[in-house]
Number of protein chains: 2
Amino acid sequence: MSTRWLDAEELATWVRLVAVTELLPSTLDQQLRRDASLTHFEYLVLAMLSEDPGHTLQMSALAQRTNATLPRLSHVVRRLEDRGFVDRTRNSTDARATNAHLTEAGLAHLVDSAPGHVEIVREKIFDVLTPEQVTQLGAITTALLDALDPEGRMTGHTIGSHRPSSKE
Amino acid sequence: MSTRWLDAEELATWVRLVAVTELLPSTLDQQLRRDASLTHFEYLVLAMLSEDPGHTLQMSALAQRTNATLPRLSHVVRRLEDRGFVDRTRNSTDARATNAHLTEAGLAHLVDSAPGHVEIVREKIFDVLTPEQVTQLGAITTALLDALDPEGRMTGHTIGSHRPSSKE
DNA sequence: GACCAAAGGTTGTCAGGTCAACAAACGGGC
DNA sequence: GCCCGTTTGTTGACCTGACAACCTTTGGTC
């Protein structure tokens with residue numbers, strides 16, 4: 001079967017999409033590293049833990065919510081534990097599982113750094129898009145995620161997730 | 001000034017956008033590493049070189065087109081040179097500059113791997129979006145790039161670039 | 001109740017990226 | 001025509017992420 005190449009509009013869009021996926025993460029990382037000594041991914045880990053009522057999630061659940069592989073998460077949580085932001089305990093009902101828990105210090109650090117983070121997200125994303133574009137982007141990202149992660153293994157949208165949460 | 005938090009729709013969109021910027025690169029990397037022993041970024045370097053008539057670009061120009069920092073590019077080009085896909089020569093008119101040049105072997109490797117790459121781009125992106133969504137995404141990414149890279153330092157849209165090219 | 005495949009995590013190793021320091025060449029001002 | 005700030009690029013040290021190997025526990029199945 002012969003290759004279906006991209007037409008001009010698709011190509012231009014693709015080039016810019018690649019640029020965005022390259023520049024957005026580094027922009028977020030820079031701001032957070034400078035202002036909060038956190039990677040964007042580390043921030044995400046703390047944020048997801050903070051949304052759980054008990055500030056505790058099993059490693060595999062946390063991996064889903066942060067779109068991470070388990071090895072990656074394991075390394076990051078160990079570092080966060082070294083800094084006192086998280087602690088790990090064995091799950092009592094399933095001895096294989098590990099519970100990651102946000103400490104007071106971790107929560108405090110998250111609360112401190114959230115405003116600066118939200119500010120840059122506004123500035124770089126939502127302030128430059130019209131409300132219609134935000135809605136469009138919502139639909140587009142939903143479609144893309146379905147393709148990129150069909151079973152919702154990472155984003156967990158098969159188990160009734162996607163609930164809006166108190167803050168990012 | 002108090003923080004302007006994200007509303008529910010913005011938050012949901014943001015979470016998915018982050019997921020896409022996390023999953024898309026790893027998806028591309030996996031496919032290219034498996035089928036072509038190339039990083040997506042390495043592929044991009046070869047592709048950008050292939051679009052120049054002389055298959056040659058100055059390092060700084062190449063860095064712009066690939067949204068990369070110069071140190072990063074320098075390391076990658078050295079590795080590509082070790083594999084025989086690229087060679088580097090001093091620019092004759094400006095002795096500070098380095099010209100990166102795509103070799104025959106490099107071009108051949110690129111041509112071999114292009115169909116597989118385009119295929120996954122279609123499958124994960126354009127096949128799951130409607131034509132209207134592609135147009136919308138084009139406008140959205142343009143707005144985002146203006147915010148993420150105002151001077152167009154990376155993407156070079158101040159110097160009349162953005163020309164559609166023969167292939168990605 | 002003993003196996004045995006699968007689930008859940010951790011660890012080690014290696015490759016790739018970032019950042020800061022450095023070197024060399026250009027170019028404008030005087 | 002000399003200086004000095006800028007541009008251009010490379011290098012090395014450090015850090016993070018990916019991948020594979022491994023270990024333990026669980027939950028059938030026989």
Side-chain angles (χ1 to χ4, degrees), chain A residues 21-34 37-45 57-83 86-101 151 153-154 156, chain B residues 21-34 37-45 56-83 86-101 151 153-154:
Chain A
T21 64
E22 193 74 39
L23 296 177
L24 184 54
S26 67
T27 299
L28 300 177
D29 273 331
Q30 273 185 302
Q31 183 269 323
L32 280 170
R33 287 186 60 103
R34 175 166 42 80
S37 300
L38 286 176
T39 305
H40 178 238
F41 181 71
E42 292 173 332
Y43 179 92
L44 214 58
V45 167
L57 286 173
Q58 198 171 321
M59 292 293 283
S60 49
L62 187 52
Q64 275 190 191
R65 285 168 172 70
T66 55
N67 314 299
T69 59
L70 222 27
R72 178 184 182 187
L73 180 64
S74 185
H75 282 138
V76 169
V77 168
R78 177 173 42 70
R79 287 169 213 142
L80 289 174
E81 192 172 26
D82 291 344
R83 297 169 68 183
V86 164
D87 54 41
R88 282 188 287 189
T89 56
R90 275 209 129 27
N91 185 319
S92 48
T93 73
D94 183 343
R96 292 170 302 179
T98 303
N99 288 336
H101 168 250
E151 306 90 21
R153 194 172 43 77
M154 293 296 199
Chain B
T21 64
E22 193 75 39
L23 296 177
L24 184 55
S26 67
T27 300
L28 300 178
D29 273 331
Q30 273 185 302
Q31 183 269 323
L32 280 169
R33 287 187 59 103
R34 175 166 42 80
S37 300
L38 287 176
T39 305
H40 177 238
F41 181 71
E42 292 174 330
Y43 179 92
L44 215 57
V45 168
T56 303
L57 286 174
Q58 198 171 321
M59 292 293 284
S60 49
L62 188 51
Q64 275 191 190
R65 284 169 173 69
T66 55
N67 313 300
T69 60
L70 222 27
R72 178 182 183 189
L73 181 64
S74 185
H75 282 138
V76 169
V77 168
R78 178 174 41 70
R79 286 171 217 141
L80 289 174
E81 191 172 26
D82 291 343
R83 296 169 68 183
V86 165
D87 53 43
R88 281 188 287 189
T89 56
R90 276 208 129 28
N91 185 321
S92 47
T93 73
D94 183 343
R96 293 171 303 179
T98 303
N99 287 336
H101 169 250
E151 306 90 22
R153 195 172 42 78
M154 292 296 200

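Quantities reported herein were computed from a predicted structural model and do not represent experimental measurements. Lettering of chains follows the sequences in order, A, B, ..., and the numbering in each one begins at 1.
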Below the 4.0 Å mark, does C:dG9 have OP1 or OP2 next to a side-chain nitrogen or oxygen of A:Gln58? yes

If you define the side chain from C-beta out and look only at heavy atoms, does anything of B:Glu42 sit under 4.5 Å from B:Leu80? yes

When the distance from NE2 of B:His40 to P of C:dG17 is rounded to whole Å, what number comes out? 12 Å

About how many Å separate CG of B:Leu62 and CG of B:Asn99, when rounded to the nearest 0.5 Å? 10.5 Å

For the residue pair B:His40 and B:Asp29, confirm or rule out a side-chain donor-acceptor distance under 3.5 Å. no

Phosphate OP1/OP2 of D:dG9 contacted by B:Ser60 side-chain N/O (<4.0 Å): yes

Phosphate contact (C:dT18 OP1 or OP2) by B:Thr69 side-chain N/O below 4.0 Å: yes

When rounded to whole Å, the CG to P distance for the pair A:Leu44 and D:dG17 reads 12 Å

Here the distance between atom P of D:dC23 and atom CG of A:Leu70, to the nearest Å, is 18 Å

Check the distance between D:dT16's C1' and A:Arg33's CZ and give it to me in whole angstrom. 9 Å

Could you tell me how far apart A:Arg96 (CZ) and C:dA5 (C1') are, to the nearest whole angstrom? 12 Å

Atom-to-atom span, CG of A:Asp29 to C1' of C:dC19 - whole angstrom: 13 Å

Do we see a donor-acceptor contact under 3.5 Å between the side chains of A:Asn91 and A:Thr93? yes

Between C1' on D:dC19 and CZ on B:Arg34, what's the gap in Å once rounded to a whole number? 15 Å

Has A:Arg72 got its NZ or CZ under 6.0 Å from the middle of the six-membered ring of A:Phe41, at an angle within 45 degrees of the ring axis? yes

Tell me the interatomic distance from A:Asn99, atom CG, to C:dG8, atom P, rounded to whole angstroms. 13 Å

Just N and O in the side chain of B:Arg72: are any of them under 4.0 Å from OP1 or OP2 of C:dG17? yes

Return no unless some side-chain N or O of B:Thr98 is found under 4.0 Å from OP1 or OP2 of D:dT10. yes

Please tell me if A:Arg79 has a side-chain N or O lying less than 4.0 Å from either OP1 or OP2 of D:dG17. yes

Using a 4.0 Å cut-off on heavy atoms, which residues in residues 87-95 of chain A reach DNA chain C? List them by number, or say none. A:Arg88

Of B:Pro71 and A:Pro71, the one whose closest nucleotide on DNA chain D sits nearer the 5' end is B:Pro71

Among the candidates C:dT18, C:dT10, D:dA18, find the nucleotide nearest to the side-chain atoms of A:His75. D:dA18

